[in-house]
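All ligand and atom numbering here is 1-based and tracks the order in the structure.
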Amino acid sequence: TAEVMSHVTAHFGKALEECREESGLPVEVMDEFKHFWREDFEVVHRELGCAIICMSNKFELLQDDTRIHHVNMHDYIKSFPNGQVLSEKMVQLIHNCEKQYDDIADDCDRVVKVAACFKKDAKKEGIAPEVAMIEAVIEKY
Ligand code: B8M
């Protein structure tokens, strides 16, 4: 659900600070990760892909091939309130997007494509949070 996704995003987004430098993602492009879900935020910058890789690595959410680690991702999402209702769907959506962009060799380029695909599909499925929902829970993390 969008509610659960707001918790996941609020927590995951904290790692952006630690990844800002090494990913080279300018503050002007994205100052806070919650804006990922904004209607008018375009998920297109290669550096955002690099940042998502760096952030995911903080929680061991990726395998060595930079694709999602299904077990760890399930466990991570399940650690949030009501997480079990989202984890299966979320892993499914991400994996489905990974399959569509499997031919892109550059990890940052590929992950930003996968992330854009995931945002689009999450909206379609009605599990994309409003930024205000993320703001409402961000202080918990
Ligand atoms: C990685 C879980 C974080 C969830 C926070 C919300 C949205 C972020 C989108 C990132 C999409 C995951 C892309 C990783 C795929 C690697 O092949």
Got a list of side-chain donor-acceptor pairs under 3.5 Å for residues 77-85, not counting sequence neighbours?
{"residue": "S79", "atom": "OG", "partner": "Y76", "partner atom": "O", "Å": "2.6"}

If you look only at distance, which donor and acceptor atoms sit under 3.5 Å apart when one is on a side chain in residues 132-141 and the other is two or more places apart or in another chain?
{"residue": "E135", "atom": "OE2", "partner": "K34", "partner atom": "NZ", "Å": "3.0"}
{"residue": "Y141", "atom": "OH", "partner": "H7", "partner atom": "ND1", "Å": "2.7"}

Report all N/O contacts between ligand 1 and the protein shorter than 3.5 Å as a table of atom names and distances to 0.1 Å; if there are none, say 'none'.
{"residue": "ligand 1", "atom": "17 (O)", "partner": "T66", "partner atom": "O", "Å": "3.3"}
{"residue": "ligand 1", "atom": "17 (O)", "partner": "E98", "partner atom": "OE2", "Å": "2.6"}

Any sub-3.5 Å donor-acceptor pair from R20's side-chain atoms to L25's backbone N or O?
yes
In this structure, CD of E88 is separated from NE2 of H70 (nearest 0.5 Å) by 11.0 Å
Around D40, counting heavy atoms of other residues, nucleotides and ligands shown, do more than 12 lie under 6.0 Å from its CG?
yes
Please list, chain by chain and in numerical order, all residues satisfying ring-ring contact (aromatic ring centres under 6.0 Å, His included) with H35, sequence neighbours excluded.
none
